[in-house]
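Notes for the one structure printed next.
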Amino acid sequence: MSRYEPSVIEPKWQKAWDEAQAFLAKRDPARPKYYVLEMFPYPSGRIHMGHVRNYTMGDVVSRYKTAQGFSVLHPMGWDAFGMPAENAAMERGGHPKDWTYSNIADMRGQMKPLGLSIDWTREFATCDPEYYGQQQAMFIDMMEAGLIYRKNAVVNWDPIDMTVLANEQVIDGKGWRSGAAVERRELTQWFFKISDYSEELLNALDGLTNWPEKVRLMQANWIGRSRGLQFGFETVGAPAGFDLLEVYTTRPDTLMGASFAAISPDHPLAKALEADPAVAEFVALCRKGGTSAEEIETAEKIGFDTGIRVKHPLNPDWELPVWIANFILMDYGTGAIFGCPAHDQRDFDFATKYDLPIKAVFEPNDEPIVALTEAYVPLKSERVRYIRGFAGADVQTGDEGVATAIAHAEAQGYGKGVTKFRLRDWGLSRQRYWGCPIPVVHCATCGVVPEAKENLPVRLPDDVTFDIPGNPLDRHPTWRDCTCPKCGAEARRETDTMDTFVDSSWYYARFTAPRAATPTSAADADYWMNVDQYIGGIEHAILHLLYSRFFARAMNKTGHLPAKAIEPFDALFTQGMVTHEIYKTTDARGRPVYHLPEDIVRSDAGATLADGTAVEVIPSAKMSKSKKNVVDPMNIIAAFGADTARWFVMSDSPPERDVEWTSSGAEAAYKFLGRIWTLCSRIGDMPADHVGEGDLDLRKAMARAVNDVTLGIEGFAFNKAIAKIYEFTNTLSKANASTATMKDAIRTLAQLMQPMVPHIAESIWSYQGGTGLCCQAPWPKADPALLVNDEVILPIQINGKRRAEITVPRDMPASEVEKIALADEAVIKFLAGQPVKKIIVVPGRIINVVV
RNA sequence: GCGGGCGUGGUGGAACGGUAGACACAAGCGACUUAAAAUCGCUAGAGCCAAGCUCGUGCGGGUUCGAUUCCCGCCGCCCGCACCA
């Protein structure tokens, strides 16, 4: 066997897999299917280590399941619409389409050398008209099914560029290019009625038992079901039509602590008051800055007293002032609240600032409050003493207080208990070119009309320029002007395109029949759905995954997915990031300067540049170009091969946690593969008739390795599976067993490694006489008889501290074990005659003697 | 600001509530070599000279015979916050 040369063996085996069509997914009713999917990449043009890690994980699962006899679907595609393509067109000319497809070609070229077991015949990009045309067809079906509607919503408006900005393009309240102060402006927008499914999307989380608990919790909190009281405040001095101010509260038990009412600057009442220049000025002030909740909630709380008063529902003589406040969101509840400063920190801050009364409604059950320096907000499950209660017992929990307050309001008729959700409808309109056109036309007589299905896809026009900010579709007369599909009159096309979350909300379904003339094909969807294992970043825990869950339901309602697929992802795994140290120095003006890893010299004294300048090392940061801590997988593959890159990203950290890329770790991975290669060569050179006495021990170690690696892969503990492979390799290299057993052992080792390092595994497999391709060989099974040990070592604790250990037969009864333990010399010494109070024997585990 | 998560040797990490530190990196020592690299072998949480003992899983409490693991409070870092993908 020659030297280990990844650059020779890797292309060779990739070609062999291609020729064998090893990864072509086929509907095979005779076999159980397995659908493994990684979140598809945005085609930035370069793959990074995060991709390598993500796709290697999926590949391990895919190859393992293939070896287990499943008919596996493991596809790949491109989330290809979105802003970066337009930004590139603006910055360096060219067309988003050319930029995107050329990036896709580049990235595909970088991914193929990784040796992933992907069925590339199913590849597509969301910007292919064949894909987005099907999306338009579903949009029309969903429109007709009542799942889509239009309403006004606020956007970030850049008054200089005259364009809508994404939240990430608003920096410190200013447009990223123009630097203009961003304003909130209302536009008519398209929405999916995801709120129709709030309850169901929440309840169905309980069934997603193979999802991480944290993701289910995050989604549940995002959907945010709350039970509260809605009631109308009778107003005094309000404009006509505003006799009642509807408010919603989840803490009606604090009604007697109310000191003001507050409305959102976007509330209809605020709008009605804008005739007053002072109100208009204040509302304009509130509208400054971006639309993101983060920005709104971290902004300084400001308010404006409208002069309007409302009557307290429990005492009409008690009047509260109505304020407009910037932290009240129009999207949640009714856009109006009553403030109870004593038991809500935001209200407390507001009341302190504007000198409004702060009256406690309840106090801790055991100690009265002397003075409130901050809001007192106990858990609702905690029992408190009501000093300004009006319903229920004096001492009750917050939950009970809320329930009795609602009952009181309903009995007296001033309000009713309602359930509300935090989840808002999904706004899908984007005022941008590079997205899926919304397939409707606006007709003067017929109104908003869906495009006829035979006219789909509504293609994006190619002749557009990006020299002026704004949406080129808006200023493209020959595209924009069209005829009404209903009456034939002149009409205008909708120029908004769809949010890219729409594209990624159904690609998993399209992969089951990527060339079908309809969005999905029933037979394929029925065979392949659901995704058995979905893998992606935790950053998608809420939006992408929630939208996909909704979209699957909407597709089911419109006949595009079977009912069994309304929860499209049976199991979810969220992997961590790949990080790297950052190397930083400071220039003469005190600004940070970052350095590439290859420019750093490490020594005992620390890190320096080549000229000896000391470098600050910032550990474990997300790889980013601006910090220059990016490791290009292509360089690693060129230097060490794909197997080394794959092995390293799988070996060093548990997959759900971040992994820090280190060059020493990568070198170590390469050395290990070289060691395996040498070992294989040595075993290959053994005389066929060599007999060793270590056969049984080696077979036991082999069974243990098969068992542990299998459990590791099954449990997504790839780092542990790899540790077991190291252990078994160490055992094998030291073993003195017969040639046949040694060969058997290294073939098994190759199989166990195959999901992670498939190329070297194939070389070992074929060199040692394995049949066919290693990636198509059935997964090894551990002989259960070889897994059990006749004796176990039991540590003995005295008062919880380990003091001795004994070796006993595996099946020895606890009473016998006790006797042996108490007779142990070290135990006797430690007990020193003290009486034994209790002795705990955990069979096969531990003995604890309590004195 | 709100929601979620994470925190273990010099480093990455392992440990059904049951021997803390498997496996690996870096380090040190040794073998081979004229020498270096590569390779192979050994050592290694900290402290006390040591057999051994004490301390030790971000910090402070609690539950338990026993806590890295469960509960409460803090600190630090990371992710998300609806137009980034």
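By convention in this document, chain letters (A, B, ...) are assigned in the order of the sequence lines, proteins followed by strands, and residues within each chain are numbered from 1. Because only heavy atoms are used, hydrogens play no part in the values below, and waters and symmetry mates are left out as well, while side chains stay in.
With 3.5 Å as the limit, one finds no donor-acceptor pair spanning the side chains of A:Thr163 and A:Asp158. In this model, a donor atom of one side chain and an acceptor atom of the other lie less than 3.5 Å apart for A:Tyr332 and A:Ser226. With hydrogens and angles left out, the side-chain atoms of A:Asn103 and A:Trp78 include no donor and acceptor closer than 3.5 Å. A:Asp474 and A:Thr495 form a side-chain donor-acceptor contact under 3.5 Å, judged by distance and modelled atom types alone. Of the N and O atoms on the side chains of A:Asn167 and A:Thr291, at least one donor lies less than 3.5 Å from an acceptor on the other residue. Looking only at atom types and distance, the side chain of A:Thr188 has a donor-acceptor partner in the side chain of A:Asn152 under 3.5 Å away.
Note on A:Arg430: a side-chain N or O is less than 4.0 Å away from OP1 or OP2 of B:rC83. The phosphate of B:rA85 has OP1 or OP2 within less than 4.0 Å of a side-chain N or O from A:Thr500. In this structure, A:Thr662 does not reach the B:rC25 phosphate: none of its side-chain N or O atoms is under 4.0 Å from OP1 or OP2. Dashed line: the shortest gap from a side-chain N or O of A:Asn167 to OP1 or OP2 of B:rA82 is under 4.0 Å. For the pair A:Asn719 and B:rA14, the criterion of a side-chain N or O lying under 4.0 Å from OP1 or OP2 is met. Taking only side-chain nitrogens and oxygens, A:Asn221 comes nearer than 4.0 Å to OP1 or OP2 of B:rG4. When the side-chain nitrogen and oxygen atoms of A:Asn87 are compared with OP1 and OP2 of B:rC84, none of them lie within a distance under 4.0 Å.
If you measure from atom NE2 of A:His544 to atom P of B:rA82, you get 18 Å, rounded to the nearest angstrom. In this structure, A:Phe501 atom CZ and B:rG80 atom P are separated by 11 Å, rounded to whole Å. Between the CZ atom of A:Arg424 and the C1' atom of B:rA82 there is a distance of 5 Å, rounded to whole Å. Nucleotide B:rC79 holds its P atom 22 Å from the CD atom of A:Glu213, rounded to whole Å. B:rA24 atom P lies 8 Å from atom CD of A:Glu727, rounded to whole Å. Atoms OH (A:Tyr726) and P (B:rG12) sit 17 Å apart, rounded to a whole Å. Atom pair A:Glu667:CD and B:rG12:P shows a separation of 18 Å (rounding to whole Å applied). Between A:Asn730 atom CG and B:rA22 atom C1' the separation is 12 Å, expressed in whole Å.
Among the nucleotides B:rG3, B:rC25, B:rC83, the one closest to the side chain of A:Met218 is B:rG3. Counting only heavy atoms from C-beta on, A:Arg675 has its side chain closest to B:rC40 among B:rG18, B:rC79, B:rC40. With B:rA82, B:rU19, B:rC84 as the candidates, the nucleotide lying closest to the side chain of A:Tyr547 is B:rA82. Distances were taken from every side-chain heavy atom of A:Lys720 (C-beta onward) to each of B:rA14, B:rU19, B:rA82; the shortest belongs to B:rA14.
Of all non-hydrogen atoms in A:Trp211 and A:Val215, the two that sit nearest each other are CE3-CG1, 3.8 Å. Contact between A:Ile328 and A:Gly335 at its shortest, heavy atoms only, is CG2-O, 3.5 Å. The shortest heavy-atom contact between A:Val827 and A:Leu822 is CG1-CA, 4.3 Å.
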Per-nt protein contacts along nucleotides 60-78 of chain B (heavy atom under 4.0 Å; B base, S backbone sugar-phosphate only, - none) come out as -----BS------------
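The shortest side-chain heavy-atom distance between A:Phe672 and A:Ser651 does not fall under the 4.5 Å cut-off.
Taking atom C1' in both B:rG47 and B:rC40, one finds a spacing of 34 Å when rounded to whole Å. Distance check on atom P: B:rG21 versus B:rU57 gives 14 Å, rounded to whole Å. Comparing the P positions of B:rG10 and B:rC6 gives an interatomic distance of 23 Å, to the nearest angstrom. B:rG12 sits 12 Å from B:rG7 when the P atoms are compared, rounded to a whole Å. B:rU63 and B:rC70 are spaced 8 Å apart, taking the C1' atom of each and rounding to whole Å.
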Can you check salt bridge (charged side-chain N to carboxylate O under 4.0 Å, His left out) on A:Lys214 and A:Glu656, steps first, answer last?
CA-CA 12 Å; A:Lys214 62 181 168 187; A:Glu656 67 276 14; over 6 Å; no
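In this structure, A:Thr298 reaches the bases: a heavy-atom distance under 4.0 Å links it to at least one base atom across the strands shown.
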As a check on the pairing definition, encode RNA chain B in dot-bracket form, counting Watson-Crick and G-U wobble pairs whose two distances are under 3.5 Å, and using | for partners outside this strand.
(((((((..(((.....[....))).(((((.......))))).((((...))))..(((((..]....))))))))))))....
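Only one option out of A:Thr500, A:Asp496, A:Val502 pairs with A:Met498 in a side-chain contact (heavy atoms from CB on, under 4.5 Å); it is A:Val502.
Taken to the nearest 0.5 Å, the CG atom of A:Leu428 stands 12.5 Å off from the CZ atom of A:Phe501. The distance from the CG atom of A:Asp425 to the OG atom of A:Ser198 is 7.5 Å, given to the nearest 0.5 Å.
With its glycosidic angle more than 90° from 0, B:rG12 is assigned anti.
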Polar atoms only, N or O, under 3.5 Å: list the protein pairs with nucleotides 6-8 of chain B and their distances.
| from | atom 1 | to | atom 2 | distance (Å) |
| --- | --- | --- | --- | --- |
| B:rG7 | OP1 | A:Arg657 | NH2 | 3.3 |

